[in-house]
J.: 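A single structure is presented below for examination.
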Amino acid sequence: MAEPEPRTNRLRAWASARWRDWTITLAAFVLALIVGAILMIVADPEVAGNFAYLFTAPGLALGAAWTKVSTAYSALLMGAVGSPSALAATTAAAAPLICAGLAVGLAFRAGLFNIGAQGQAVVGSMAAAWVGFSLPLPPVIHLIVAVLAGLIAGALWGGVVGWLKARTGAHEVIVTIMMNYIASGLLAWALTTSAFQRPGRSDPISPEVAGSATFPQIFEQLHVGFFVALAAALVVAWVLDRSVLGFSIRAVGANPHAAGTAGMNVGATTIITMALAGALAGLAGVMAALGPSVNGVPTPLSEGLVGTVGFDAITVALLGRSKPVGIVFAGLLFGGLSAGGLAMQSVAQTPLTLTLVLQALVVLFVAAPQLVATLVPFLKARKGSVSLTGADA
Amino acid sequence: MSSVHDAHVPSLSDAPEQLDFTVVESRDARRARLSTGALIGVVGLVLAVLVFSTSGVARFALSDAFADVQLPTIELPGAPVVAVCAVLCLLAAAGFISGRLPGRWSMLAGIVAGLAVTLGFLTWAAAGKDLPFPVANQLAGTVFTATPLILGALCGVVGERSGVVNVAIEGQFLTAAFAAAIVGSVTQSIPAALFAAVLAGVLMASVLAVFAIKYLVDQVVLGVVINLLASGITGFLFDQLVQPNSRVLNSAPTMDPIPIPLLAELPLIGPVLFQQTILVYLAIVSVVVVWFLLFRTRWGLRVRAVGEHPEAADTVGISVKRVRWQAVLVAGIFSGLGGAFFTVGSVGIFSKDLTVGNGFIALAAVIMGRWHPVLAATMALFFGFVVQMASQLQTLNTPVPSQFLLMLPYIATIIAVAGLIGRTRAPAADGIPYTK
Amino acid sequence: MIRPVADEAEHGTGLQLKSITKRFGTFVANDAVDLDIRPGEIHCLLGENGAGKSTLMNVLYGLYQPDGGEIVIDGAVQHFANPKAAMAAGIGMVHQHFMLVEVFTVAENMILGREPGLVVDLKAGRATVRELSARYNLPVDPDAVVEDLPVGVQQRVEILKALANDAAYLILDEPTAVLTPQEIDELMVVLQRLRDEGKGIVFITHKLREVRAIADRITVLRRGRVVGRAEPGTSENELAQLMVGRAVDLTVSKQHAEPGPVRLEVENLTVTNSAGAVVVDGISFEVAGGEILCVAGVQGNGQSELADALLGNLPVLSGSVRLDGHDLTDGTPKRAIIAGMGFVPEDRQHDGFIGSFTIAENLVLNRFDRPPFAKGAALDLEAINGNALRLRDEFDIRTPEVQNLGSSLSGGNAQKVVLARELSRELAVLVASQPTRGVDVGAIEFLHKRIVAERDKGTAVMLVSTELEEVEALADRVLVMYRGRVVGIVGPDTPRDVLGMMMAGCSYDEAVALAAAAPTEGGDR
């Protein structure tokens, strides 16, 4: 029913939609910080205790709360962007988030919800680390082989899900989650075998990755892997917008029936997309396994090596609206949150887990622009829902 | 011209009541049949290989050592039993693959194969061991382990029947488990802990409801984000508040089994069904309650109508949003009870992310149970059986690494959702926000 | 015969809509619409798709709140906050898309929303169904599950449901779209009986023939406004002109077919749907280049599955499909497309079109991976854009920008996109299902012209249609399907009532005999 509109109007509409996305995201972030602050105050018995005197000595209560919150958040900010080494730490945290975020975002564009980035990253890190500490290969080649091993392992782990979905219709959400648990079980078992366990150790930890298989360090924690992640984003952007494969992926995501009727192979596209997504998540695992830590040596493989990168990736992809550029920015934002969170934990004794709360809240608010508009009245929101997955018809 | 009057002219008053088409096996059905057959065949081959590593006698204890009435311990010759089970599996596989089994027989073949697999592996694992395999423990443990899965599945069934997909069962579990642990520790009272758990479950359900029903957020995305939020909030509060004061805040009492007089004395059945905790009894009662609510009450009729065809419900004056709100909140009660299982229902103390995917297994039970409370609970029991068997086998000292045994429930879930049960049909409006 | 708008007399009794206005954003769906319905009349509301008929009735039924105007019943102003209020005021509605819960039984559907107690008592529901069935002579089995019932019977349930509250006014929104000609006749009889009992009936349609057959009075809507009122005797051409706003040519001008060699051969084709039901049962036919074979039949008799199987979208159980001698049996859509099959799916939004893709992308949906639109693994965006600009002009697709989203197009323009995509390449056969469904009259003329032009190029055309008007206008031969089988293949000048009987399963000879025996039935009443 829409009346045709002239081009300038369309551009203006496009610009205002972008502007709106940014303001909503900003408002969502502020709201999340506010909720986080409340959580901090409530969870600190000393600070919360002062609120008993809110009416008799309001200064005491508010002062204590302010001290608590401002110490934590300024430590967070400083730890993320406060110094060159903080920025370097942010890039190091952002690199795997960007890769895994692309893994979730790419799958979204094909209408698939890949909650399995975690497991794909775990097997990717296992393969890359194993090549890194077991195979005696010359420099450069060693690194390339280790990276490829991680990509292939992730691609297989993701591809299985795509294959099951295409062949049997098994819902990818359930299958990927189960594959996550299987992957961590596999890692736990591998670390008890002689192939993975460090000789002479009884705890589950691997040998150190050889220097020839480590991502070259650039400045403190900033390493080549960060640029590999940016390159991956460029590749995904090209694939989605400019390639034949991307056309199929987007078509299958937007309307699988129409895609199939137009001759596209929906099942094959599903499998390829999940394998690609798995490879990207595997790359995130590679970053964890081969990226140098502060001392220049990668952290050896252990059960918690990849952390929760696969789950953080879901928030990254959603916040980035499943677009590669958006995912890079969202990855940097949450990477900063993660790097700053560590500083917050050591400086302000506020647990790192707060950043997970902040991430989830930001995405929740962004998903419901009408709620944000209600809470922040000067933002006008359109009626209806917002597409974070970029796959809706 | 006589043919004119003989000719059958359909008219409105005698139009056929049912459309009848000849039905043959569809491509999907054939694929499901073949892959079922192949899977059973592979398992049968594995069993056949295991025959050669089976030696001695496998013993199965029907009663545990402390039972008043001691049932005999059954002794089975290891290798022959495994061999018979392998043959049964291979026969069932051949039946499936040949496609010659008529409808009821194929179901029977499936059941036989399932029993043969279970018996075969248990015999292999128990053969030649000093300790007998504790059957009563296995069954009682199945019911116990399945309790949160049953409650979680009921939560999923009620919500999804109204058209709201609930991927956040895991998050509801986690929050409820946390609330139960804290309140239980502070009050040292089980009822208070249960109440807190239910409250937490309903609270998380209201988050789901407000974003799904009011703000029309994609429900699967929403569920995953709520899970992260639950993991974050419980994790943060645990790190900040509970961990430093765990003596006060993380020392909840645990439920004791309440034997039901007389019934608990029954051999085998007694310990399995009637010497359980209050939560187990609540779960069993809940299945009946949900069934009655959904299929026998006005509210249930409306819930199902809203989940199938919300516009139709709207045109007869039913408020779609209100009914969905009610359903999601009621569902939250069950996930709250289920969450309590992980702390006061079992170990008492809370640790981070202690629900390890149980919410998602419950979701799988919902789908495999075709959104029906009784079937979904049955599926939950199946998963409970697998989990319990994995932990029983660990104590038997099998050559399989314990990590692989722990993977069993997850692998079983994948095999199950990959269509051995066949494709299922969700409520037609499941996951679709309602807007006028 | 057509009276000016202002001439409408005021009545003290009956139902009046006064100056109803309804907007959606900036779009005015109803602009000060006046309408009155008297007890004991059938009032036809005539208009094209999107003229605002359904919106107006949804306002009357309480589903939408009007932005202006009022509803008056027997002199009292009413405000319907929801359908319940409208029902209480004696209004019943039979929706175009049935408002029945498919997995419920008839009785459950009947009591939904008016359950007597907290615990469901299906006995009362069954009794209500039986009582209403008897009272209005509309038999249905209260325990049948709705989805197992044929569409005609489902509609019966809808009518009973609407009457259950002793409705004085009954609204029927496009009730004939899904019915066989015989079922339509029966429905007309039922409606006339209800009118004679004193019900006021609003009959919404865009089919001129039905209006002339049943209406006591006619109101014509165009672009949200009442553009005229007419008596039932008004000619079809006059009504069409009023409805569309200009003179329309209802007949398609086409030369006599000059069939060339056979291009599409279908032999003994048997197809099952996803549940395993045999929905196409041993069908054989041929289509020659330069002819249009219309597959006629009532919705749901296997035509859609036949088309899907030809494309390779549904597995073939047995039989064969050959195109220009190439075997296409049980292939993939890709193979059929490459072999030169053009395909217009029955459900455009579902299968033929991606709303969130640009118009340019939609125009290359089945060719994006081949030159000139792809260079290796990369898309050639310029070629895709150029193609779109060319086709926009050639097919008169009304959009300012080919980079706009497909969802911004109206139904007619979206269908032009689908047809442009298929016809802009060299075809051996065009398989088109319901190409003009949900399309306005102006676009129908254009689409019909293009299909005939494609035939004249030597393409074999297989057209699936449930509309007899379309079959009569385009067919060179007519294949009638009933329950997955071919009832007969007949010439284009077969009388309409004979076609109608064949669509209900009679053989040609039986149908001819029956038509001769009952000359008053069917035909042009």
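Here is the naming used below: chain letters follow the sequence lines, and residue numbers restart at 1 for every chain. Heavy-atom basis, side chains included; hydrogens, waters and symmetry copies ignored.
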J.: Nearest 0.5 angstrom please: B/Lys214 NZ to A/Thr374 OG1, how far?
T.: 6.5 Å

J.: Kindly give the heavy-atom pair with the smallest separation between A/Pro351 and B/Gln240, and that separation in Å.
T.: CD-OE1, 2.7 Å

J.: Determine the option with the most heavy-atom pairs under 4.5 angstrom with chain B, choosing from A/Val175, A/Leu164, A/Leu354.
T.: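 If we count pairs closer than 4.5 Å to chain B, A/Leu354 comes out on top.
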
J.: Contact part of B/Leu406 toward chain A, heavy-atom cut-off under 4.5 Å: side chain, backbone, both or neither?
T.: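 Neither; nothing under 4.5 Å.
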
J.: Could you tell me the separation between the CG atom of A/Leu186 and the CZ atom of B/Phe404, rounded to the nearest 0.5 Å?
T.: 5.5 Å

J.: Can you measure from CZ (A/Phe311) to CG (B/Asp353) and round to the nearest 0.5 angstrom?
T.: 8.5 Å

J.: If every non-hydrogen atom of A/Ala360 is compared with every non-hydrogen atom of B/Val225, which pair is closest and at what distance?
T.: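 Looking at all heavy atoms of both residues, the closest pair is O-CG1, 3.5 Å.
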
J.: Test side chain to side chain contact (heavy atoms under 4.5 Å, CB included) on A/Met179 and B/Ile414 and set out the steps.
T.: CA-CA 8 Å; A/Met179 293 289 278; B/Ile414 291 181; 3.7 Å; yes

J.: Specify whether B/Tyr410 and A/Tyr181 have parallel, tilted or perpendicular ring planes, treating 30° as the upper limit for parallel and 60° as the lower limit for perpendicular.
T.: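 Rings of B/Tyr410 and A/Tyr181: parallel, as their planes differ by under 30°.
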
J.: Heavy-atom pairs under 4.5 Å with chain B: which of A/Ile174, A/Leu364, A/Val357, A/Leu356 has the most?
T.: A/Leu364

J.: What part of B/Phe211 gets within 4.5 angstrom of chain A, counting heavy atoms only: side chain, backbone, both, or neither?
T.: side chain

J.: What is the distance from atom CD1 of A/Ile177 to atom CD of B/Glu170, rounded to the nearest 0.5 Å?
T.: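 With rounding to 0.5 Å, CD1 (A/Ile177) is 7.5 Å from CD (B/Glu170).
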
J.: Is there a side chain to side chain contact (heavy atoms under 4.5 Å, CB included) between A/Thr192 and B/Gln403? Walk through the geometry before answering.
T.: CA-CA 10 Å; A/Thr192 65; B/Gln403 289 90 352; 3.7 Å; yes

J.: Examine whether an atom of A/Gln349 lies under 4.5 Å from a heavy atom of chain B, and if so say whether it belongs to the side chain, the backbone or both; otherwise answer neither.
T.: backbone

J.: Checking A/Ile115 against chain B: side chain, backbone, both or neither under 4.5 Å from a heavy atom?
T.: side chain

J.: Can you tell me how far the CZ atom of B/Phe238 sits from the OG1 atom of A/Thr353, to the nearest 0.5 Å?
T.: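 So the gap between those two atoms works out to 10.0 Å.
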
J.: Tell me, out of B/Val356, B/Leu222, B/Thr234, B/Val207, who's got the most heavy-atom pairs with chain A below 4.5 Å.
T.: B/Val356

J.: Looking only at non-hydrogen atoms, find the nearest pair between B/Leu241 and A/Ala43 and report the distance.
T.: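 Minimum heavy-atom contact is CD1-O, 2.9 Å.
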
J.: A/Ile314 and side chain to side chain contact (heavy atoms under 4.5 Å, CB included): which single residue from B/Asn227, B/Val221, B/Val224 fits?
T.: B/Val224

J.: Roughly how far, to the nearest 0.5 Å, is the CE atom of A/Met178 from the OG1 atom of B/Thr413?
T.: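 B/Thr413 atom OG1 to A/Met178 atom CE measures 4.5 Å (nearest 0.5 Å).
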
J.: Count the heavy-atom pairs under 4.5 Å between each of B/Ser402, B/Pro433, B/Gly357, B/Pro409 and chain A, then report the option with the highest count.
T.: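 Top count of heavy-atom pairs under 4.5 Å with chain A: B/Gly357.
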
